[in-house]
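First listed ligand is number 1; within each ligand, the first listed atom is number 1. All values below were derived from every heavy atom in this structure, side-chain atoms included, with hydrogens, water molecules and symmetry-related copies excluded.
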Amino acid sequence: MTILDVEKVVKDFETMTKDAENVQRETLKLILEENGCAEYLQKLELNGRTDPESFKACVPVVTHKDLEPYIQRVVDGAFSPILTGKPITTISLSSGTTQGKPKFVPFNDELMETTLQIYSTSFAFRNREFPIENGKALQFIYSSKQTKTKGGLFAGTATTNVFRNSQFKNAMKAMQSRICSPDEVIFGPDFHQSLYCHLLCGLIFREEIQLVSSTFAHSIVLAFRTFEQVWEELCADIREGVLSSRITFPSIRSAMAKLLKPDPDLADLIEKKCIGLSNWYGLIPELFPNVKYIYGIMTGSMEPYLKKLRHYAADVPLVAADYGASEGWIGANINPTVPPESATYVVLPNIGYFEFIPMKENVVQDKVNGSSLSVEPKPIGLTEVKMDEEYEIIITSFAGLYRYRLGDVVRVTGFHNLVPKLKFVCRRNLLLTINIDKNTEKDLQLAVEEAAKSIAKQKLEVVDFSSHVDVSTDPGHYVIFWEISGEVSDEVLQECCNCLDRSFVDAGYVSSRKVNTIGPLELRVVGKETFQKILDHYMGLGAALSQFKTPRCVGPMNSKVLQILCDNVAKNYFSTAF
Ligand code: AMP
């Protein structure tokens with residue numbers, strides 16, 4: 001087995017980031033040469049030109065919706081090259097939890113290669129700070145079903161496509177992060193059963209586990225919340241060497257039977273440790289004494305889970321994983337010691353061609369009549385972005401997306417050589433808005449954090465949350481859904497509700513609230529496990545737990561999730577803050 005040459009990875013990365021402009025030019029050239037014969041590009045009459053200037057002049061900036069007819073033809077098995085030169089054989093289903101339905105994007109070998117490049121780049125930097133040596137990794141990863149489209153293409157979530165690729169396992173071995181669970185668990189058809197078995201495998205190999213990870217931090221928190229419920233059963237399995245009857249799939253049972261041997265000493269030890277913990281603080285290092293760090297995407301919509309994760313992790317460092325999407329990767333976290341809240345991503349200039357739309361509205365003076373005129377902001381190149389500015393990312397990938405609006409907003413917080421370091425800000429379209437107010441996912445997160453302080457005094461927490469704009473009332477109002485870890489008095493919840501209302505500091509919101517063109521904010525407390533039901537709902541639609549993100553704002557189109565939330569409301573409160 002070859003171990004990754006981390007020094008070489010770092011050296012190549014340094015060379016590339018020092019020459020970012022040329023690398024971007026070359027990358028664009030390569031993408032356009034490889035795919036020039038595709039119908040989509042042919043139509044745009046680039047006529048063999050591959051320079052950024054011609055590219056920008058000929059190719060429009062698009063959204064997923066614009067490309068849908070093309071992608072659909074690929075999905076249906078069209079024979080001719082549509083978006084890429086080489087035929088697409090695999091489709092990724094992006095998690096699409098914001099729109100309530102998954103969307104299709106092409107996946108190909110080149111995308112797999114860029115995935116491995118991102119993984120090895122951040123690993124190289126990470127391993128300098130937190131070296132791991134031939135250990136095992138407890139990775140809470142799950143694969144959704146890989147189905148076939150009517151055109152005969154494989155379709156699964158992007159993570160599924162990555163995990164199923166033979167190169168993935170080799171890469172994990174090269175990074176000394178061999179997964180402790182057997183394939184039957186990772187690819188099991190029921191994620192509840194897979195989760196249980198991941199935990200069991202972790203315990204069996206507890207001394208060897210050097211790394212606990214998942215794609216998104218949510219899955220790690222969910223795993224240890226589950227552990228709190230099932231630890232006695234896990235101990236019983238270890239004691240007897242017999243797998244719980246809750247695991248019903250024969251393939252998982254036989255794979256686990258090979259690992260599970262009666263071990264009363266281990267069962268006693270784990271039991272003792274669990275009983276000795278106070279409110280499960282420090283559970284992870286207690287179970288896995290040689291764990292070096294905890295790894296997963298922890299920024300953006302994952303930030304609300306950090307508090308709980310820190311509780312389980314105690315002093316084990318949390319390291320934020322890289323930044324990408326089903327559509328393509330963007331940047332690697334090369335500063336692993338930075339707390340996840342401040343994590344930034346250095347763009348890899350050879351994995352795609354990147355452009356940035358400034359978020360600051362580009363207002364120019366109309367000299368003739370002196371009035372203000374808003375113009376469509378012009379995208380700029382990777383090496384042209386400015387410090388402290390916010391941008392929406394546009395990607396051109398090796399997998400058939402050209403000038404594609406990803407929908408994410410990022411802020412430039414610095415540079416590594418010539419390449420910007422990006423901080424994830426929010427999803428662009430996740431807005432709570434009724435009239436002139438605009439609140440993003442981040443604004444919602446901050447408001448929830450502020451209001452949750454009142455219940456934290458009673459050692460309770462918001463397990464998960466979401467929101468909705470209710471315009472069925474006149475005036476419309478914001479609705480915030482909370483699932484709380486225990487019982488809270490009406491008085492405290494009323495205070496939380498008022499605090500939420502006051503915490504949206506957007507000027508449009510505050511002024512609308514003052515004149516009552518937006519009604520009082522409503523806090524709806526939902527029953528235990530409501531968010532688990534939402535997760536189950538998405539799993540039923542073929543989503544994978546690995547890529548799951550709780551929808552933070554539920555629109556009217558997402559009627560099923562809205563119904564789950566509304567059906568489970570136990571109490572509601574209206575703000576009296578204004
Ligand atoms: P998916 O649709 O499942 O492919 O998810 C991709 C989206 O997840 C991105 O467009 C981001 O909004 C979010 N995401 C991915 N990586 C990160 C990260 N490191 N930090 C914050 N958000 C991320």
**OP:** For Y142 and L195, run side chain to side chain contact (heavy atoms under 4.5 Å, CB included): C-alpha distance rounded to whole Å, both residues' side-chain angles, the deciding distance at 0.1 Å, then the answer.
**Re:** CA-CA 8 Å; Y142 309 86; L195 195 170; 3.3 Å; yes

Original post:
Stepwise, does the side chain to side chain contact (heavy atoms under 4.5 Å, CB included) test hold for Q117 with V9?
Top reply: CA-CA 9 Å; Q117 193 192 336; V9 173; over 6 Å; no

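Of all the heavy atoms of F424, the ones lying under 4.0 Å from any atom of ligand 1 belong exclusively to the side chain. Contacts between M298 and ligand 1 below 4.0 angstrom, taking non-hydrogen atoms only, are absent altogether. Counting heavy atoms under 4.0 Å from ligand 1, residue T299 touches it through both backbone and side chain.
Between F125 and F13, the ring-plane angle classifies as perpendicular under the 30° and 60° cut-offs. Aromatic ring pairs are classed by plane angle as parallel below 30°, tilted from 30° to 60° and perpendicular above 60°; the pair Y40 and Y70 is perpendicular.
Between the choices G300, A325, G324, the shortest heavy-atom distance to atom 14 (N) of ligand 1 belongs to G324.
In this structure, M302 has no heavy atom closer than 4.0 Å to ligand 1.
For D322, a nitrogen or oxygen atom sits less than 3.5 Å from a nitrogen or oxygen atom of ligand 1, counting backbone and side chain alike.
With Y323 as reference, Y345 is the one residue of W329, Y345, F216 to meet the ring pair (Phe, Tyr, Trp, His ring centres under 6.0 Å) rule.
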